[in-house]
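Below you'll find the structure, written out as structure tokens, and then a few comments.
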Amino acid sequence: MNDHDPTYLAALHTIFGRVNFERQPRFDYSATTLNLARMQVLLAALGNPQQQFHIVHIAGTKGKGSVCAFTESALRAAGFRTGLYTSPHLHTFRERMRVNGALIGRAELVELVAWCLPAVERVAGVTTFELITALALTHFARQQVDWAVLEVGLGGRLDATNVVQPDITAITSLSYDHMAVLGSTLAQIASEKAGIIKPNVPLVCAPQAPEALAVIEETCRLRQAPLLLLGREWTWRVAAQTFWVQPAAAAPPETAGYVIPLAGEHQISNAAVAVVILRTLLAQGVAMGEEAIRQGL
């Protein structure tokens, strides 16, 4: 089966033939349009696949895709079976859902859409992104992944991925994005991204502008979510493409640095966020050694 196979094209038409906000620069960004209750009903009809594996949930403006990739790679290096959900795709729709690094197969996608469609048709108003998210979560459950790394599509508070109960969340660097729907100030944008913060679930956070950080800190305080801020709770320093990350209270300083193949200080910041995610999971008892983190990076 190839990208021009009629059954594969029909499956894509089923997915993209719905209301697709990815292709609309402006729309009614509200709880009426982006209805998480609808998403919950859909997932319940599919057997709540999101409850069958552990989850890392990542929002942000810049770097969230890289943080997802670093995190998934390290979890896989530790021996876990992993799922990775990202959007949008660059070359093929199949990029959006991967298991152990492999894109979903065309035949797999055709079968998955056919399996999920009866439940989808019983729920009125399911959008394209809601359907894609439900397909990915179902795929991961059927593939019996141990961990899934989920990238938020838009914002966070009303994103279809925000129905999950993650083990840890993260917010990458925030800046002005999707201002037509998320708001015209950093505080408004941060409020939407901070919507993924869950009660008592640790949040790893990249360095932020004071206006954005204030919103994130307050959300964490209200939800009693431990805040692990890069540059405060976790210190970091950089030399060329090597960086060091450690808890602020740690002493003496660790000597072995982390190395990544990607150029640019922004990628080092992304990798550092991933390291804090992974080392927080390690401290919580997840069976993952330091070598897996280095190999994953």
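Residue numbers run from 1 in the order of the sequence given.
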Closest approach of [X] to [Y] (non-hydrogen atoms, all atoms of both residues):
X	Y	value
Ala160	Leu36	CA-CD2, 4.2 Å
Glu130	Leu42	O-CD2, 4.3 Å
Ile197	Arg223	O-NH1, 2.8 Å
Leu174	Gly60	CD2-CA, 3.7 Å
Phe70	Ala274	CB-CB, 3.6 Å
Gly296	Ser73	O-OG, 2.9 Å

Can you get from [X] to [Y] by hopping between Ile, Leu, Val, Met, Phe, Trp and Tyr side chains that sit under 4.5 Å apart?
X	Y	result
Val201	Ile196	no
Val126	Ile15	yes
Leu135	Met1	yes
Ile132	Val145	yes
Val99	Leu103	no

Applying the side chain to side chain donor-acceptor pair (under 3.5 Å) criterion to His89, which one of Arg94, Arg96, Glu95 satisfies it?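 The passing option is Arg96.
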
Between His57 and the options Thr161, Asp167, Thr169, the side chain to side chain donor-acceptor pair (under 3.5 Å) test singles out Thr161

Compare all side-chain heavy atoms of [X] with those of [Y] and state whether any distance is below 4.5 angstrom.
X	Y	value
Lys198	Asn162	yes
Gln246	Thr235	yes
Arg232	Leu227	yes
Ile260	Ile268	yes
Pro202	Gln284	yes
Ser173	Thr61	no
Tyr258	Ile293	yes
Met97	Leu112	yes

Before giving the answer on side-chain contact (heavy atoms from CB on, under 4.5 Å), spell out for Thr128 and Arg18 the whole-Å C-alpha distance, their side-chain angles and the decisive distance to 0.1 Å. CA-CA 5 Å; Thr128 288; Arg18 295 175 171 271; 3.6 Å; yes

How many angstroms lie between atom [atom1] of [X] and atom [atom2] of [Y], to the nearest 0.5 angstrom?
X	Y	atom1	atom2	answer
Gln267	Leu297	CD	CG	11.5 Å
Ile168	Leu228	CD1	CG	6.5 Å
Leu117	Thr14	CG	OG1	6.0 Å
Leu230	Ile171	CG	CD1	13.5 Å
Trp147	Ile55	CH2	CD1	9.5 Å
Leu12	Thr92	CG	OG1	7.5 Å

State whether the side chain of [X] and the backbone N or O of [Y] hold a donor-acceptor pair below 3.5 Å, judged by distance alone.
X	Y	result
Arg106	Asp5	no
Gln40	Val163	no
Asn35	Arg38	yes
Glu111	Ala107	no
Ser191	Ala187	no
Gln50	Gln165	no
Asn270	Val67	no
Lys64	Val152	yes

With side-chain contact (heavy atoms from CB on, under 4.5 Å) as the test, would you mind laying out the steps for Tyr8 and Phe93 before giving the verdict? CA-CA 11 Å; Tyr8 177 67; Phe93 174 82; 4.3 Å; yes

Between Leu154 and Phe129, is the side-chain contact (heavy atoms from CB on, under 4.5 Å) condition met? List the steps. CA-CA 10 Å; Leu154 172 67; Phe129 189 72; over 6 Å; no

Decide side-chain hydrogen bond (donor to acceptor under 3.5 Å, both in side chains) for Gln144 and Arg81; before the verdict, give the C-alpha distance in whole Å, the side-chain angles of both, and the deciding distance to 0.1 Å. CA-CA 8 Å; Gln144 297 182 313; Arg81 187 167 175 82; over 6 Å; no

Hey, are Arg221 and Glu218 close enough for a salt bridge, meaning a charged N less than 4.0 Å from a carboxylate O?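 Looking at Glu218 together with Arg221, the answer is yes, because their closest N to O distance falls below 4.0 Å.
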
Checking Leu137 against Leu150 for the side-chain contact (heavy atoms from CB on, under 4.5 Å) test, could you report, in this order, the C-alpha distance in whole Å, the side-chain angles of both residues, the deciding distance, and whether it holds? CA-CA 9 Å; Leu137 295 172; Leu150 308 181; 4.1 Å; yes

Centre-to-centre under 6.0 Å for Phe140 and Tyr85, is that the case here?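 Centroid separation for Phe140 and Tyr85: 6.0 Å or greater.
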
Do Arg142 and Trp115 form a cation-pi contact, if we require the NZ or CZ to be under 6.0 Å from the six-membered ring centre and within 45 degrees of the ring's axis?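 That pair qualifies as a cation-pi contact.
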
